[in-house]
Each structure stands twice: as C-alpha cells, then as structure tokens.
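First up is the structure itself, then whatever we jot down about it.
For the single chain, residues carry numbers from 1 onward in sequence order.
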Amino acid sequence: MRFKQRFLPLLAALARGGLAGCLAVGTAFAQNQYQPTQQAQTSNQQPLNAPTPGLLTQPSGMQAQLQAPSLLPSDTILNRSGSTTEAEAGATAQGPLAEPLRAPGPSRAVFGAALFARNAPSPSDTGNPNYRLSAGDRVSVRVWGPVESEVIGALDAQGNLFLPSIGPLRLAGTRAGDLQRTVEAEVRRIYTQQVQVYAVLLSAGNVGVFVTGYVRIPGRHMGAASDTVLDFLLRAGGVDAARGSYRDIVVNRGGRAVQRIDLYPFLLRGALPGISLQDGDTIVVGKQGATISADGAVRNNYLFEVDGRSMTGQELVDLAGPLPAATNAVVRGTRNSRPWSRYTTLAELRRLPLLDQDTVTFITDSPAPTVRVFVEGSRIGPSVLVADRDANLCQVLDYVEVNPGLADTSSVYVLRKRLAAQQLRSINEALDRLERQLFTASSSTTGVAEIRTAEAQLVSTYIQRGRRIQPEGRLVAVDNQGRCASIRLEDGDTIVIPERSDTVLVGGEVLNPQAIIWRPNMTIRDYLNGAGGVTQRGDDSAVMIRRASGQVLLDPREGPRPGDELIALPQLGAKSFQITRDLLSLIYQTAVSAAVFNNF
C-alpha cells in the first residue's frame, strides 16, 4: 500500500511529460550495470528423458545465458527455471569430459561396429604373426659374418628353403612371427661363431574363403593365406550391426567347425584366436544375440551383445565403465510382454539380471555437499570460494580479504542467476499483459480510436525495449547501517564488493547530469543545484536515491552517501493514457530487474 501511495502521482506523468518522460523514469529505475561477458558453455550434463519419477529436465537456454561470468561452469541444474515452482534439480546424467557433445538418451551404436568402419586391406598390406608358413610362401633370408649367404625364394613342396653354404631349412609350419628366431637357430647349429641373420616373410599364397551369414557382402573372397578372420570379414563388408553377431562367428573347414570366435576379447584385450585360414574355408557370422544399452554417466555408451540370453548387471558395469560420479541407474525393459522398470543403486544393479532390449541409464543422484561462490570487486585473494551447502553470506565474507581503505563493505550485494530468471519471467509476463490490453481494447468513437492508435505506437516502442532487458538478479545484502544479511548462498552466486567512491552521481531531470564530490554537510537540494538544477519537467521534491548496494529509497529522509545515485523524477500531471496503470507496473518491474527495492 505504501508503494501505491508513492507511485500513484506517476499515473499522470504520461500526459504532462509524454511517454518519453515515463521511459526516462523507468530507465532510471532499471540501471542494468551487470552484463554477462560470455555465455555459459553447453553443459555436458544430459537430461533424463524417460518418464521416471524424480528424473529431471534440461536447464533452459535462458538460464545458460544468465550464468555469472566465470572460468568454472556451475554444477547446479534447475527445474522450471525462472518459474514460481522453480526447484534445484536432482538426478543428472553427465557424460565423460572427453565427449562433451554426446547426444542424450539410449545409444544406437553397437559395440564393435567401428572394427569394420574402414576399407578392406589388400593382401600386401596385411601381416599376421600367427600365420604358419606352407609350401609356396616366399621368404627372404640373409646371413653375414664368418659366412655370407642370401636367398629369396619360395618354400618347396616339402616346406624347405635351400640356403647356400648352409643347406635346406625346414620352415613349413613355422609361425610368421617366429621366422627370424627359427632361421637363427638353424644357422647357428652349423656355425657356432657369431653370425647375423635376417629373415622375413615376403608373401603368402592366395586363398579363397567363403564369408556368409549376417554380413553385408556374403560370398567368396580372395586374400593372402596370412590374412586374419578380420581381414576377410572386412572384405565382406563387416558384420551387419543391426542383425549380425560379434560374439558368434564360426570357421568351418571340411564340413565341421574348427574355430569359434568371440570378438569381445579382441575389442577389450586384443586377444584373437591364432587360426590360419585355408583355401575353401567358410566363415559364418551368426545372428545377433540379446542386446542391452548403456548410456548416461558411462565411458562406453553402446549397445552390448549378450553372450547368451541374459547378463548380470556386473557384466554390464564391466563393459560400460560407469564414471566416478555415477551413483544410481534407471533400468527399463520388458518383462512378460509388459513394460518394466527399476531404479537401483549401483550395488543393486550388479546383482540384477538384464534381458534383451533393456536400457540402463547411469545417473548421478546425490546432492552436492558444497556450493561454489564467486567474488568480484574490491578484494584480495581468490575469486572462487567453495563453502558448505548451508553457508550464509556473512560466514563466507569472513574468509574474503579486503583492503578497508578501498572496499565499500557496507554496500555488498549478491548477483543470483535464479533471481535474474525470475525477474525476466515477471517482465515478460507484464509485457504480454500490456500487449494484450493494447491490441484488444475497444473504442466507442473514431476520435478515441485515433488516440488509442497513437498510444499503441508509443507503447509498442517501449515493449520492444522491455523485451531486450537482461536482468542482473541483484540481491541487496546489507541494511541501512551496513549490517550483513544472513542470506543462504546458492551455487553460482556472485558476491560483489564495490570500490569506495567519493562522488554522488546526479541524473534524471536535471540540466547537467554529472558526478559531484560528496560532502557530509550537503543536502539533496545542494546536489541538484550542483547539477544545474532541475529542468522544467523536473520536481526537486520528487527524488530517488539508489545505493551502491542496489537498495532504492523512493522517499529519502537523508542525503545521499558516497557512491550513491541521486535521480530527479519528472513533474506530475493530471492527464493520463488509458493503459497507464499497466505501463507503470511494467516500469516498476523493470526497475526490480536491476535492483531490489528494500526498506530495512
């Protein structure tokens, strides 16, 4: 009620001073000195998009823009940011630091599919250390020292290579990786003195291998006898990721299975069966087994194939690699032809059986025990402080070192992102109401319609300016005596300690707006006279003082303090627009977006 009494005379200001006069008043109220210097980086905290109780949504883009400038991102996510039901979020699904752009939600990539993302190698490009030499393979051997000998040739039908001055070397059945050691042993059986040996497999014989099953290009493919199963799978286009199995691959020879291959040990540990393929062998890729998806706070967000009908949660944990921040998991799937879900801790998940098409989202569902607070302005020491979650402003200020001669500790204020979002919502709602009234009002006569048209043009300009306002979320933290308020700090708050000032800024309806040196014996009228006096539209009895802390005094009973801002308001008139009340309300809300009106 007190506010209405003070602002009621301004309802007539639109008629005498015009809309520009009220705009000047609104601008004086809405001194917006805080502008974010950079937009917050996109958080790699992924929202949980499943309709599960307790799971939260992603922060809005506006909240990201209102983040206080810092080198450290905020860990806090809010639900319904800027709304009356806003609350701090709980569960989040944060991906690894090395993958900030990972898409949220269940993964569509099959674990192991990257094996076949390249072109098939030519036989000359391959080298299989497990390949065993056979007749026809070309080998180069050179011996030097007390005896010198060199030969480049193919193994004969008996699997021998004849080396001059030494004789035949039995190499058939030797692993390609053991060729050097085998030749050295044979040579030193004859020459016991120091001899140097160099032996290498130049090329292996060509073989034709059938590749079939769930591959992209089934058929007979040619390659070197030293090629691995992976090489022939690549020539067949790789395993069909949507239907083929990475864990059920069989090599048939002569109508029977000679080797079963599971690619997971190779993907995880580099272990691959050392089988040498022969001409006429058949590689059969079986159908895909049960698959389980892992996403959220994990290093490996893939579809994992189950070696059987089910796997335990422990197996999935070993494959997916949850991040240290993961505390819980949301499991969704189908049981008995009906939707099924569970919310578990990681310990419970390890014992839970998982079935085909289950999706497991690893999340962080533990509130942070601390908050991170930034310090700006006149300070000595660090600009980032970490405090307990229940710490208040007065407690934190005890740890901020300042120079008493430079810092204005009686004007400390707090910039809060949540408050800025609420202020922006309030301004936009007021603008929406004003716009609706502006364009839906009826006119009884042509003259009234013309007046409304003129009003609409002027007010539309103000609405456009109002849409561009970026509130700073300032929270007054001290009273008139400079005592600190016991405000509980939130994560991402910025504490601002202004520098001491020796001047008073005089503006508004004065002839010469300027900064005037503060003196203890000067009155409000003295400051107005120092700025050239009020204009014809001004009223020296209607002034407003804005403290350095952001506190606004609409009816000051004492003069300004050093660092204050003295604003002369326009004279009051009797004529008013039809929609003045809504416009004045909007001006007030615009002022609140930059400074909190407080009466201690």
Side-chain angles (χ1 to χ4, degrees), residues 112 115-116 118-141 151-162 168-183 186 199-240 244-267 270-287:
L115 269 177
F116 308 108
R118 58 187 176 92
N119 296 326
S122 62
S124 60
D125 295 335
T126 61
N128 181 8
N130 294 318
Y131 169 69
R132 295 190 178 275
L133 278 64
S134 60
D137 292 345
R138 290 179 55 81
V139 177
S140 172
V141 178
V151 63
I152 299 176
L155 273 62
D156 58 23
Q158 288 74 37
N160 297 326
L161 178 70
F162 186 82
L169 302 178
R170 177 66 179 177
L171 298 180
T174 302
R175 290 178 64 254
D178 298 334
L179 179 60
Q180 173 77 21
R181 184 170 59 253
T182 301
V183 173
E186 291 293 329
V200 63
L201 174 64
L202 296 178
S203 63
N206 290 333
V207 295
V209 176
F210 296 93
V211 185
T212 185
Y214 292 89
V215 293
R216 299 185 183 277
I217 311 174
R220 186 171 185 265
H221 297 275
M222 299 301 297
S226 61
D227 287 348
T228 65
V229 172
L230 288 178
D231 296 324
F232 281 98
L233 287 175
L234 273 169
R235 295 188 179 99
V239 176
D240 187 338
S245 173
Y246 292 83
R247 312 200 70 171
D248 183 18
I249 301 173
V250 180
V251 178
N252 292 327
R253 180 176 297 160
R256 63 185 183 87
V258 296
Q259 184 72 57
R260 293 188 177 274
I261 300 175
D262 181 355
L263 293 180
Y264 272 37
F266 172 75
L267 292 167
L272 190 66
I275 180 174
S276 296
L277 297 174
Q278 299 179 7
D279 191 66
D281 284 353
T282 301
I283 301 174
V284 182
V285 176
K287 68 177 182 180

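Rounding to the nearest 0.5 Å places CG of Leu201 at 11.0 Å from OG1 of Thr174. Taken to the nearest 0.5 Å, the CG atom of Asp262 stands 7.5 Å off from the OG atom of Ser245. The distance from the OG1 atom of Thr228 to the CG atom of Leu277 is 8.0 Å, given to the nearest 0.5 Å. With rounding to the nearest 0.5 Å, the separation of OG1 in Thr182 from CG in Leu169 is 10.0 Å.
The shortest heavy-atom contact between Leu179 and Val200 is CD2-C, 3.5 Å. Of all the heavy atoms in Val215 and Ala236, the pair that sits closest is CB-O, 3.9 Å. Across Ile261 and Pro273, no two heavy atoms sit closer than the pair CG1-CG, 4.1 Å. Nearest heavy-atom pair, Phe266 versus Leu230, reported as atom, atom and distance to 0.1 Å: CE2-CD1, 3.6 Å.
Remark: the backbone N or O of Arg175 is not paired with any side-chain donor or acceptor of Asp178 at under 3.5 angstrom. A donor-acceptor pair under 3.5 Å links the side-chain atoms of Asp156 to the main chain of Asn160, judged by distance alone.
The number of heavy atoms from other shown groups lying within 6.0 Å of CZ (Arg253) is above 12. Within a 6.0 Å sphere centred on CZ of Phe116, heavy atoms belonging to other residues, nucleotides or ligands number more than 12.
Side-chain contact between Val207 and Asp227: absent, with no pair of heavy atoms (C-beta onward) separated by less than 4.5 Å. Residues Val183 and Val139 fail the side-chain proximity criterion, which asks for heavy atoms closer than 4.5 Å.
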Given side chain to side chain contact (heavy atoms under 4.5 Å, CB included), test Leu263 with Leu272 step by step and report yes or no. CA-CA 7 Å; Leu263 293 180; Leu272 190 66; 4.2 Å; yes
